[in-house]
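Worksheet: the structure to be examined is printed underneath.
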Amino acid sequence: MGFRNPWAYSFLILFCTFSLSLLLLNSQNPVQGYSGTTGSMLNLILYLLPLMTLFLGSFSLTSEKEDGSWQLLSTYPVGTMSFIVGKYVGLSIVLITIVTFGYGLMGVISGLIGSAMDVMTYLLFLAFSCGLVLLFLTLALFIGSLSGNRWQALTISVTVWFFAVIGWPTLLLSVLGMMPYLWVKPLLILLTFINPAELVRLFVVIKLGGGSILGPEYYQWVEWVQQPSGSWIFITICLLWISCSVLAVYWIWERGRSHG
């Protein structure tokens with residue numbers, strides 16, 4: 001059902017079109033490390049993938065309610081956790097397959113035009129995209145479990161995407177500006193962990209060698225990300241984020257199931 005969804009392919013075409021356009025505009029320069037080209041591509045991915053994931057994930061759950069599929073499934077001996085995990089794994093496979101296809105096409109065409117991307121940069125972009133998909137998919141399931149229909153899911157998804165991606169710098173500055181100086185760094189760390197888009201973006205920017213642009217507040221982030229165990233720490237944080245979110249979705253659905 002996920003692979004038959006036209007929304008997924010429309011986002012795929014949009015993603016491939018703009019990515020290839022950026023590569024063609026910078027075909028004379030090598031795509032390596034943190035640069036103007038990679039920064040533009042990071043922003044493009046940050047705009048498209050979370051929105052695509054929120055739409056597909058939240059609509060998948062709300063359609064179960066609207067079409068009556070969940071009422072039918074709940075009469076069978078299917079556990080709520082099995083249902084939620086199955087949804088998450090199935091949608092993850094669909095989204096990561098689409099993202100991988102897009103990157104494969106981008107890699108082939110960039111090689112043909114003589115603007116091949118550095119292997120490490122290419123892998124970091126792929127990891128960045130997969131991280132966004134896996135983290136925002138838990139938010140999408142959370143939105144879908146709270147929404148009664150697709151219109152509610154659409155409205156909440158756009159709101160979450162706007163605050164997490166577009167309005168995040170303004171929101172961050174306004175909140176931190178009202179706090180005492182000693183609270184700024186702890187709050188900055190806490191708010192960064194709350195926002196999956198910012199969490200993944202900081203990790204990839206530092207890995208690409210652009211940690212110097214983040215400012216002194218992120219000096220400790222640059223230190224732990226660049227150490228040998230930095231990637232494993234980041235993966236552990238992401239797994240904890242996903243596990244807590246899935247448990248929250250499970251609680252909402254189990255509560256709805258027990259209350260009819």
Side-chain angles (χ1 to χ4, degrees), residues 2 5 7-16 18-19 22 34 38-60 87-107 117 120-144 156-169 172 191-208 210 214 221 225 230-231 233-246 249:
N5 194 328
W7 278 78
Y9 297 101
S10 62
F11 275 107
L12 172 63
I13 293 170
L14 192 62
F15 171 68
C16 291
F18 281 98
S19 298
L22 286 171
Y34 189 79
T38 53
S40 299
M41 292 179 67
L42 281 175
N43 289 330
L44 171 68
I45 296 166
L46 197 61
Y47 291 150
L48 284 180
L49 284 184
L51 187 62
M52 175 183 77
T53 305
L54 288 172
F55 280 171
L56 294 180
S58 60
F59 286 3
S60 177
K87 278 284 184 183
Y88 181 80
V89 173
L91 288 168
S92 298
I93 292 171
V94 172
L95 290 166
I96 291 176
T97 300
I98 290 171
V99 167
T100 306
F101 176 82
Y103 274 103
L105 179 64
M106 185 173 67
M117 188 180 292
M120 184 56 66
T121 305
Y122 187 84
L123 292 176
L124 281 172
F125 268 97
L126 183 59
F128 174 63
S129 301
C130 292
L132 285 177
V133 165
L134 294 175
L135 291 176
F136 269 92
L137 185 55
T138 59
L139 280 179
L141 295 181
F142 187 77
I143 292 169
I156 299 174
S157 295
V158 172
T159 304
V160 170
W161 172 80
F162 178 81
F163 281 107
V165 178
I166 304 294
W168 184 253
L172 194 66
L191 292 173
T192 301
F193 280 117
I194 290 175
N195 186 354
E198 186 69 5
L199 179 64
V200 179
R201 185 186 72 87
L202 286 177
F203 176 77
V204 174
V205 167
I206 294 170
K207 281 292 187 180
L208 287 172
L214 299 175
W221 285 77
V225 169
S231 298
I233 295 173
F234 175 75
I235 292 172
T236 303
I237 293 170
C238 291
L239 290 176
L240 286 173
W241 212 101
I242 291 170
S243 300
C244 293
S245 301
V246 169
V249 175

Ser92 side chain near Leu137 side chain, heavy-atom distance below 4.5 Å: yes

Once ring pair (Phe, Tyr, Trp, His ring centres under 6.0 Å) is applied, do any residues pair with Phe142, and if so which ones, sequence neighbours excluded? none

Does the side chain of Ile242 reach to within under 4.5 Å of the side chain of Tyr88, using non-hydrogen atoms? yes

Would you please classify the geometry between the Phe125 ring and the Phe128 ring as parallel, tilted or perpendicular, with 30° and 60° separating the classes? perpendicular

Do Leu199 and Asn195 make a side-chain contact, defined as non-hydrogen atoms from C-beta onward lying under 4.5 Å apart? no

To the nearest 0.5 Å, how far apart are SG in Cys130 and CG in Leu123? 10.5 Å

With side-chain hydrogen bond (donor to acceptor under 3.5 Å, both in side chains) as the rule and sequence neighbours excluded, what pairs involving residues 42-60 come up? Ser58-Ser157, Ser60-Lys87

Here the pair of heavy atoms bringing Pro196 nearest to Leu132 is O-CD2, 4.4 Å

Residues which pass ring pair (Phe, Tyr, Trp, His ring centres under 6.0 Å) with Phe203, listed by chain and number, not counting sequence neighbours: Phe234

Any heavy-atom pair between the side chains of Ile96 and Leu134 that's under 4.5 Å? yes

Which heavy atom of Leu135 sits nearest to which heavy atom of Cys238, and what is that distance? CD2-O, 3.9 Å

So if I apply the side-chain contact (heavy atoms from CB on, under 4.5 Å) rule between Trp168 and each of Leu46, Leu191, Thr192, which one comes out positive? Leu191

Sub-3.5 Å donor-acceptor pair from the side chain of Trp241 to the main-chain atoms of Phe193, do we have one? yes

Measuring from atom CG of Leu172 to atom CZ of Phe163, what distance do you get when rounded to the nearest 0.5 angstrom? 13.5 Å

Separation of Leu48 CG from Trp161 CH2 (nearest 0.5 Å): 8.5 Å

Derivation and outcome, side-chain contact (heavy atoms from CB on, under 4.5 Å), residues Leu139 and Leu54: CA-CA 7 Å; Leu139 280 179; Leu54 288 172; 4.1 Å; yes

Of all the heavy-atom pairs spanning Gly57 and Leu91, show the shortest one and how long it is. CA-CD1, 3.9 Å

